[in-house]
Protein chains: 2
Amino acid sequence: MSLADSKQHPDTRKRILDAAEALFVEHGFEATSMRMITSRAGVNLASVNYHFGSKEALIQEVFRRRLAWLNHERLRALDRAEAGAKGAPLKPHQIVEAFFGVSLRMAADTEHGGHTFMRLLGRTYTEPTAFVRQFLADEYAAVVPRFKQALFRSLPDVPPEEILWRFHFMLGAMSYAIAGTDALQLVAEYELDEKDPGALARRLMPFLLGGLRAPLANQPVKPKEKGARRAA
Amino acid sequence: MSLADSKQHPDTRKRILDAAEALFVEHGFEATSMRMITSRAGVNLASVNYHFGSKEALIQEVFRRRLAWLNHERLRALDRAEAGAKGAPLKPHQIVEAFFGVSLRMAADTEHGGHTFMRLLGRTYTEPTAFVRQFLADEYAAVVPRFKQALFRSLPDVPPEEILWRFHFMLGAMSYAIAGTDALQLVAEYELDEKDPGALARRLMPFLLGGLRAPLANQPVKPKEKGARRAA
DNA sequence: GTATGATTAAAACAATCGTTTGAAACGAGC
DNA sequence: GCTCGTTTCAAACGATTGTTTTAATCATAC
């Protein structure tokens, strides 16, 4: 360890992380072997254990290096919105934009690996490996309460429990959309415009807000007339 | 093979399928070993290969035995709704109910394993193992076009592409809600009422419909192809 | 009873897993 | 030149993977 940077070959660590990230999103954690990672990264097999200690520690580092920045940006976006509101409750679309907008912009970044990582993150949300779950819960511990409180203030007439469920649903819609496996071949014919990073966001955001602000279920059902409301 | 049923011990097959189903949703396909399955099922290790041929074939059978019924019910629900409409376009909520309602009712069945299976299915949507993807696409091949067409008729003013994307989002919200990992600990404090199978449906359905019928975003990019059939 | 086909049982197969080892190669300071 | 701490390398470790094998067991028909 010298006074200058301690890393002589900072390449290796990054090459491993990038290769692991790409392989994890493609095959999952278990189906991705150390040999697949190291051969793709062009490094020696033992270097993963040397630099990270274990496969499990590698997985955590894959998440940590990007998730820390992501959640920091989300809090920053929320701070900015609240500063502009001067004490007044935020509008729902501002909160949704702060939380999901950052994710979607990161997912639109295909050059620096943000896209790959968001796909991995979305996929991992439904993959409840014990230690990954705990890790995610810890990483989000500082973010979730802030957004919960902002939403409660923003929607005072909606029961808090209902708000949280809808936040839950929104997270699912986004994760699935970003993970983008399209298992039912629904949108296979309509490829996302690669040149336009905001294409997905412009489709998803209205959906999320529409769901969040939908009328509550236990309202008396009366729409029996033909002229029902439609989109557009 | 006699004229009667050929299965002397139909237990074994079912025990294996049930054990595999439960373990797959808990650990994933790769992390679930044959020995875990057979020991939980209380059968011999070799019986999986004897009855199913391979682990991959077992996975497919786990899906097939329930997915066939699920999709058949979805089509039946759609048929009933269309029969009642007498040629008129269905309302969006009827189509959503036909597709997602069946899923949610199956997910509410904790006694016969429907709940476990729907969790597995939701989890698998974001787990794009090659042969599973192909299998799912085949199983849904008869269902998806029917629902697509019904939605197109129901929402004539919304661009078909937009409808499919929103169907895509709805599927994600439901899958995530059913898979129910709650990675962010959002609704951990509000446990679902186990006694009430419709609890999740009453929360999710309004969200889905709100998202489906949300106002369209103004798209700055003008599609260069075709005559741009948009809402006038 | 015996014969027959289906199912189960225990053991072993080669292959791959994550990890560890010990030596070789490297780079900076003297 | 030499030394020292860091990193890379090839090889091997024991454990576990999915699968196969061979014999034992079962139920039924003759």
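This structure is a prediction, so every number in the text was calculated from the model and none was measured. Protein chains get the first letters and strands the later ones, always in sequence-line order, with residue 1 at the start of each.
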message: Quick check for you: among C:dT19, C:dA11, D:dG18, whose closest atom lies nearest to any side-chain atom of B:Met34?
response: D:dG18
B:Ser33, nearest nucleotide to its side chain (from D:dT17, C:dC17, C:dA9): D:dT17
- request: Might you work through the ring-ring contact (aromatic ring centres under 6.0 Å, His included) test for A:His168 and A:Trp165, ending with a clear yes or no?
  value: CA-CA 5 Å; A:His168 191 57; A:Trp165 277 105; 5.7 Å; yes
- prompt: Taking the side chain of B:Arg35 as its heavy atoms from C-beta onward, which of D:dA10, D:dT8, D:dT19 lies nearest to it?
  reply: D:dT19
task: Could you check which of D:dT7, C:dT19, C:dA9 has an atom nearest any side-chain atom of A:Lys55?
output: C:dT19
field: Phosphate OP1/OP2 of C:dT7 contacted by B:Ser47 side-chain N/O (<4.0 Å)
entry: no
- prompt: Just how far, in rounded Å, is C1' of D:dC26 from OH of B:Tyr50?
  reply: 11 Å
message: What is the distance, to the nearest angstrom, from the NE2 atom on B:His51 to the P atom on C:dT7?
response: 6 Å
- prompt: Out of D:dA12, D:dT19, D:dT20, which nucleotide sits closest to the side chain of A:Leu45?
  reply: D:dA12
message: Quick check: B:Phe207 with B:Phe169 (ring centres under 6.0 Å apart)?
response: no
- prompt: Which nucleotide in the list C:dT8, D:dT20, D:dT8 gets nearest to the side chain of A:Asn44?
  reply: D:dT8
field: Proximity to the side chain of B:Ser54 - top-ranked nucleotide from D:dA12, C:dT8, D:dT19
entry: D:dT19
